[in-house]
2 protein chains.
Amino acid sequence: MTRFANGDLLAFEAGAAVRSASHAIERMRAHGSEGRGISAGALDVLIRLSTTDRGISIGDLARAGGVSSRNVTGLVDTLERDGLVRRVPDPEDRRSVLVEITPAGQAWIEAFRKPSQLAMRAMFQGFTPEDLLTFRDLCLRLATNQHRLADHLRQIGSQP
Amino acid sequence: MTRFANGDLLAFEAGAAVRSASHAIERMRAHGSEGRGISAGALDVLIRLSTTDRGISIGDLARAGGVSSRNVTGLVDTLERDGLVRRVPDPEDRRSVLVEITPAGQAWIEAFRKPSQLAMRAMFQGFTPEDLLTFRDLCLRLATNQHRLADHLRQIGSQP
DNA sequence: CGTAAGTATGTACGTCCTTCATAGTAAGCA
DNA sequence: TGCTTACTATGAAGGACGTACATACTTACG
């Protein structure tokens, strides 16, 4: 290994580590939903939709996931083709399209949950509940930090 | 949020959280190496090569990264096209190709390190050194867990 | 020697994600 | 009211990562 200043080394290593960890999770997830053919990005959208009864607009889904709205449009396309999701016009804004989960989508999530939880439990084997809790919180803090940074960068980028 | 059994909920949420976190890191990394045009997968290979003076074979790189060897071939292609990496024949096995980092590659890594560390420091703002340490360790444990699981799955998959 | 296994790579493909361009709609202001 | 500006979703095009399968070459083992 190359040499670093103390704290920066740790941050650098942690960055690399979280990348491996995410790859690991992704791989297990793929294994869990194997055959039922839903891919990572689409799954994110579906899970987000499953947490509410109201529809969510494409733009809001994009902002929530931190990706472009064009991307979400595509993911919703595939989910809709599979019948897991449905587009309905927004009664309050005719530009907007609300996406809601269908009963088939709910069923898919239910079927996905059990094996996914088992896989996750296997992945987090050896973690104490406290480990799990702090780990989750640190991850979320990382995500919010990034959101804040992205906003900041966007601001200083748009007014040089 | 939907309802879960206690521990499984946490594992499920932690899985989602690490995905966001990794996306966050990835985005900052992209921002850091902007213009210098190296992408995530290639960067992983380059970093791995920068940690040793000897060449590493395509297959070993693939196993270390947990990806297919075909994929590594492609990544090495682009790195070689940019002059950051070089293929040399393995003197001990004429099937194998060793990949080594060039001086230009070393220089790239050096140039990348500083802004990357700054970005990481910004990302991990608010983390105590202990947070950072446990976070990194938990991530690595996750990765090793996945490796073990993958091996296990491969074994039971190949002898049904 | 001959067969089996390992190596890198060609071909083909799927998914994620992006940017730019476009048509429809909303909102603010003369 | 009409005009301009901004926002919405989407079409088109493309880059990058990753996979599986087939192939040619080399090694190792019987």
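Numbered from 1 within each chain, the chains take letters A, B, ... in sequence-line order.
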**Q.** Side-chain N or O of Arg94(B) closer than 4.0 Å to phosphate OP1/OP2 of dG6(C)
**A.**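 For dG6(C), OP1/OP2 do not have a side-chain N/O of Arg94(B) under 4.0 Å.
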
Q: Check every strand shown and say whether Ser96(A) touches a base, only sugar-phosphate, or nothing at a heavy-atom separation below 4.0 Å.
A: sugar-phosphate

Q: Quick one: label Asp93(A) by what it contacts on the DNA or RNA (base, sugar-phosphate, nothing), any heavy atom closer than 4.0 Å.
A: sugar-phosphate

May I have the distance from [X] (atom [atom1]) to [N] (atom [atom2]), rounded to whole angstrom?
X        : N       : atom1 : atom2 : answer
Asp60(A) : dC7(D)  : CG    : P     : 14 Å
Glu92(A) : dT25(C) : CD    : P     : 17 Å
Asp82(A) : dG14(C) : CG    : C1'   : 14 Å
Ile58(A) : dT25(C) : CD1   : P     : 17 Å
Asp77(B) : dG10(C) : CG    : P     : 7 Å
Ile56(B) : dT7(C)  : CD1   : P     : 15 Å
Glu80(A) : dT10(D) : CD    : P     : 8 Å
Asp44(A) : dT15(C) : CG    : C1'   : 14 Å

(Q) Ignoring hydrogens and geometry beyond distance, is the side chain of Arg95(A) in donor-acceptor contact with the base of dC7(D) at under 3.5 Å? (A)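 Answer yes: a donor N or O sits under 3.5 Å from an acceptor.
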
Q: Identify the residue among Asp44(A), Ile56(A), Val67(A), Asn71(A) that makes a side-chain contact (heavy atoms from CB on, under 4.5 Å) with Leu61(A).
A: Ile56(A)

Q: Please determine if Glu80(B) and Arg86(B) form a salt bridge, counting it only when a charged side-chain N lies under 4.0 Å from a carboxylate O.
A: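 Salt bridge: no.
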
Q: May I ask you to decide if the ring planes of Phe127(A) and Phe135(A) are parallel, tilted or perpendicular, using 30° and 60° as cut-offs?
A: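 Correct class here is perpendicular.
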
Q: Just say parallel, tilted or perpendicular for the rings of Phe112(A) and Trp108(A), cut-offs at 30° and 60°.
A: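 The rings of Phe112(A) and Trp108(A) lie parallel, inter-plane angle below 30°.
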
(Q) For Asp131(A) and Arg141(B): C-alpha separation, side-chain torsions, deciding distance, then whether salt bridge (Lys or Arg N to Asp or Glu O under 4.0 Å) applies. (A) CA-CA 11 Å; Asp131(A) 285 344; Arg141(B) 234 153 82 194; 3.3 Å; yes

(Q) Would you say that Leu49(B) contacts Glu100(B) through its side chain, given a criterion of any heavy-atom pair below 4.5 Å between the two side chains? (A)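 No - every pair of side-chain heavy atoms lies 4.5 Å or more apart.
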
Q: Decide side-chain contact (heavy atoms from CB on, under 4.5 Å) for Val97(B) and Val88(B); before the verdict, give the C-alpha distance in whole Å, the side-chain angles of both, and the deciding distance to 0.1 Å.
A: CA-CA 6 Å; Val97(B) 174; Val88(B) 296; over 6 Å; no

Q.
Does the protein touch nucleotides 12-23 of chain D at the base, only the backbone, or not at all? Give it as B, S and - per nucleotide, heavy atoms under 4.0 Å.
A. B---SSBBB---

